[in-house]
Novice: 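Sending over a structure as structure tokens; questions will come in a sec.
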Number of protein chains: 2
Amino acid sequence: MNSAITISTTEENYLKTIYQISEKAGKTATTNAIAGGLSTSAASVTDMLKRLSEKGLLHYEKYKGVSLTQTGQKLATALIRKHRLWEVFLVEKLRFSWDEVHEIAEQLEHIKSPELIERLDDHLGFPKFDPHGDPIPDAEGNFAFRQQVLLSTLEKGEAGIIVGVQEHSTTFLQYLDRMNLQLGVQLKVLEHFDYDESLSILLNEKKELVLSHKVCQNLFITKSETT
Amino acid sequence: MNSAITISTTEENYLKTIYQISEKAGKTATTNAIAGGLSTSAASVTDMLKRLSEKGLLHYEKYKGVSLTQTGQKLATALIRKHRLWEVFLVEKLRFSWDEVHEIAEQLEHIKSPELIERLDDHLGFPKFDPHGDPIPDAEGNFAFRQQVLLSTLEKGEAGIIVGVQEHSTTFLQYLDRMNLQLGVQLKVLEHFDYDESLSILLNEKKELVLSHKVCQNLFITKSETT
DNA sequence: AAAAATTTTTAGACTAGTCTAAAAACCGCT
DNA sequence: AGCGGTTTTTAGACTAGTCTAAAAATTTTT
Ligand SMILES: [Mn+2]
Ligand SMILES: [Mn+2]
Ligand SMILES: [Mn+2]
Ligand SMILES: [Mn+2]
């Protein structure tokens, strides 16, 4: 039945990058964008696109950009699933902090064993979100949906809970730690400063603090009922 | 300081195989033996030996076989450490059975992160032996020693505890499971049959059973005081 | 000690993945 | 419709790792 295609780690990384680009940039991924995402040359990308197209993992037409096939998408989401489950493992079980796990998960996501990942999922209690608040797709590639907005869109007086980050850089994550802005923290907007679009917020109904616009644009919030 | 040599997964596998061959076969590993251990051609091995020698990981002289340098040995034992710790993880935490873990550990052992492996060790409670009874070297490459003999060397009346297996094949491990011959099981030799060198043993002071010579030559036992 | 058998090395070729430089195609603008 | 700039593809070369076939060295047998 299954024509048992083997897929290399390199190919997997291309698929994942293409998936992530297509996801946010609407539909097709361009050669240059892929090259950027993988820190490789455009020439290498063109080469690989031909090979992946040959294997039926994406639709490729010269100069037209690419989009993943059903099969290609399945492989990409499986990779994201593995990446995020390993991140949960590293944080929950091995006590790594959220800014240390991405690089290790980049390696672990390529371990090949369907049984392993299902058992890991079980071991972790079937988490739906990773340590950065990103949704973990199920084995079929379906992501959980969650109502969320950027903190920068909240009005004065509105309240909510931090549920995720948009940017994943180490410096941002460490900054958040320093400010006690972990996932699950409850906050309320006290004041909006038009001058630089910074916000004054109240953390856990205790600490008051001012956040720059840049920070507010990178924090996902689920609004709570304001009584 | 550290000239930051990078080492590929392929190179790691060569080092591990050479270490394991040198260990049991006395001193130097031959080209053919390495080729056999890695299921590759002798020509490929010669090629790689030159490269690893160039990198200072082993001593190579044409036609004379090879032996690992200090550095090469450190890398090899680090790999064995990782392999065995991951096997413990798979069995203890993810509930795999001992005949399913080797292949997965072959992949996991190549994950590069010193921090990861030390945290894993901690998480597992610093185990000294893996699920097959093989010793887990510490971070310096030192193996724990344990008094052990093959079951086939026990005399009638002698008793002991199963502490390891010599052969690691799936069929052997599954056979042991079927016969309830797990690590830690206590046994006593009831009778020795000269005809085919099989042994009649008493398991956990309860069940009696006859084991072939082949089985007895692949089970490690730590003798207990016979009162 | 020479012949035969075995092991190891060399030579040459192949694949996956990468690069740089140059050519070709595409896009926006006049 | 054509020019200029940007993007993409092609061409050609390089590395790591592999292979087969043949040559060279070593070991075993006679
Ligand atoms: Mn990540
Ligand atoms: Mn994440
Ligand atoms: Mn193993
Ligand atoms: Mn083992």
Side-chain angles (χ1 to χ4, degrees), chain A residues 4-18 21-22 25-68 72 75-76 79 106-107 109-110 112, chain B residues 4-18 21-22 25-68 72 75-76 79 106-107 109-110 112:
Chain A
I5 44 156
T6 51
I7 184 154
S8 71
T9 294
T10 307
E11 289 173 323
E12 286 186 334
N13 283 333
Y14 272 89
L15 292 177
K16 192 175 61 150
T17 300
I18 293 165
I21 292 169
S22 315
K27 204 72 237 344
T28 64
T30 68
T31 301
N32 262 358
I34 299 165
L38 288 163
S39 306
T40 188
S41 74
S44 302
V45 173
T46 301
D47 235 52
M48 180 59 94
L49 294 184
K50 287 179 191 160
R51 259 175 284 157
L52 293 175
S53 164
E54 207 59 46
K55 284 194 172 188
L57 302 176
L58 49 79
H59 302 292
Y60 172 61
E61 242 187 304
K62 272 191 194 178
Y63 296 102
K64 295 281 168 64
V66 292
S67 60
L68 297 180
L75 288 170
L79 214 61
E106 283 292 307
Q107 299 179 58
E109 73 190 7
H110 298 292
K112 274 151 191 85
Chain B
I5 45 157
T6 52
I7 184 155
S8 71
T9 294
T10 308
E11 290 174 323
E12 287 187 332
N13 282 333
Y14 272 89
L15 292 177
K16 192 175 63 151
T17 300
I18 292 165
I21 291 168
S22 314
K27 204 74 239 334
T28 65
T30 68
T31 302
N32 261 359
I34 300 165
L38 289 162
S39 306
T40 189
S41 74
S44 302
V45 173
T46 301
D47 237 51
M48 181 59 93
L49 294 184
K50 287 179 192 160
R51 258 176 283 160
L52 292 176
S53 164
E54 207 59 46
K55 284 194 172 185
L57 302 176
L58 49 79
H59 302 292
Y60 171 61
E61 243 187 303
K62 273 191 191 178
Y63 297 102
K64 296 280 168 61
V66 293
S67 59
L68 297 180
L75 289 169
L79 214 63
E106 283 292 308
Q107 298 179 60
E109 72 190 7
H110 299 292
K112 275 153 191 83

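A quick note: this is a predicted structure, and the numbers were derived from the prediction, not measured. Chain letters run A, B, ... following the sequence lines, proteins first, then strands; residues in each count from 1.
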Novice: Round to a whole Å and report the spacing from NZ of K64(A) to P of dC26(C).
Specialist: 7 Å

Novice: Output the single nucleotide from dT18(C), dT8(D), dG17(D) whose closest atom is nearest the side chain of Y63(A).
Specialist: dT8(D)

Novice: What's K50(A) touching, base or sugar-phosphate or nothing? Going by heavy atoms closer than 4.0 Å.
Specialist: sugar-phosphate

Novice: Between I7(A) (CD1) and dG17(C) (C1'), how many Å, whole number?
Specialist: 15 Å

Novice: Is the phosphate of dT10(D) approached by K62(A) (side-chain N or O, under 4.0 Å from OP1 or OP2)?
Specialist: yes

Novice: Identify the residue among L38(B), I18(B), T40(B) that makes a side chain to side chain contact (heavy atoms under 4.5 Å, CB included) with N13(B).
Specialist: L38(B)

Novice: When rounded to the nearest 0.5 angstrom, what is the spacing between CG in L79(A) and CD in E12(A)?
Specialist: 5.0 Å

Novice: Are OP1 or OP2 of dT18(D) and a side-chain N or O of Y14(B) less than 4.0 angstrom apart?
Specialist: yes

Novice: Between K16(B) and E106(B), is the side-chain contact (heavy atoms from CB on, under 4.5 Å) condition met? List the steps.
Specialist: CA-CA 11 Å; K16(B) 192 175 63 151; E106(B) 283 292 308; 2.9 Å; yes

Novice: Could you state the atom-to-atom distance from CG of L38(A) to C1' of dG17(C) in whole Å?
Specialist: 12 Å

Novice: Look at the side chain of A43(B) and decide which nucleotide, out of dA11(C), dT18(C), dC26(C), has an atom nearest to it.
Specialist: dA11(C)

Novice: Is the phosphate of dC19(D), meaning OP1 or OP2, less than 4.0 Å from a side-chain N or O of S41(B)?
Specialist: yes

Novice: In whole Å, what is the span from the OH atom of Y60(B) to the C1' atom of dT7(C)?
Specialist: 12 Å

Novice: Please tell me which of the listed nucleotides, dG17(C), dT8(C), dA16(D), lies nearest to the side chain of T30(B)?
Specialist: dT8(C)

Novice: Just to be sure I understand the rule, does S44(B) reach a base, reach only the sugar-phosphate, or reach nothing, if contact means heavy atoms closer than 4.0 Å?
Specialist: base

Novice: Assess the residue pair L75(A) and L68(A) against the criterion (side-chain contact (heavy atoms from CB on, under 4.5 Å)); give the C-alpha distance rounded to whole Å, side-chain angles, the decisive distance to 0.1 Å, and a yes or no.
Specialist: CA-CA 10 Å; L75(A) 288 170; L68(A) 297 180; over 6 Å; no

Novice: Return the nearest nucleotide to the side chain of E11(B); candidates are dG17(D), dC19(C), dT8(D).
Specialist: dG17(D)

Novice: Please report the distance, rounded to the nearest Å, between CE in M48(B) and C1' in dA16(D).
Specialist: 8 Å

Novice: What is the separation between atom NZ on K55(A) and atom P on dA16(C), rounded to the nearest whole Å?
Specialist: 8 Å

Novice: Whole-Å distance between dA16(C) C1' and E54(A) CD?
Specialist: 15 Å

Novice: Just to confirm, is there a sub-4.0 Å distance from OP1 or OP2 of dT9(C) to any side-chain nitrogen or oxygen of T31(B)?
Specialist: yes

Novice: Counting side-chain heavy atoms from C-beta on, which of dT18(C), dT9(C), dT7(D) comes nearest to R51(A)?
Specialist: dT18(C)

Novice: In whole angstrom, what separates D47(A)'s CG from dT15(C)'s P?
Specialist: 14 Å

Novice: Let me know, please, whether S39(A) or T46(B) comes out on the 5' side of the other along DNA chain C by nearest nucleotide.
Specialist: T46(B)

Novice: Nearest to the side chain of N32(B), which nucleotide is it out of dG17(D), dC19(C), dT7(C)?
Specialist: dT7(C)

Novice: Quick one: which of dT8(C), dT10(D), dT18(D) gets closest to the side chain of T10(B)?
Specialist: dT18(D)

Novice: Are Y60(B) and T31(B) close enough, and set up right, to give a side-chain contact (heavy atoms from CB on, under 4.5 Å), and what steps lead you there?
Specialist: CA-CA 11 Å; Y60(B) 171 61; T31(B) 302; 5.5 Å; no

Novice: Quick check: closest heavy atoms across K55(A) and I7(A), and the distance to 0.1 Å?
Specialist: NZ-CA, 4.3 Å

Novice: Closer than 4.0 Å, any side-chain N/O of T40(B) to the OP1 or OP2 of dG17(D)?
Specialist: no

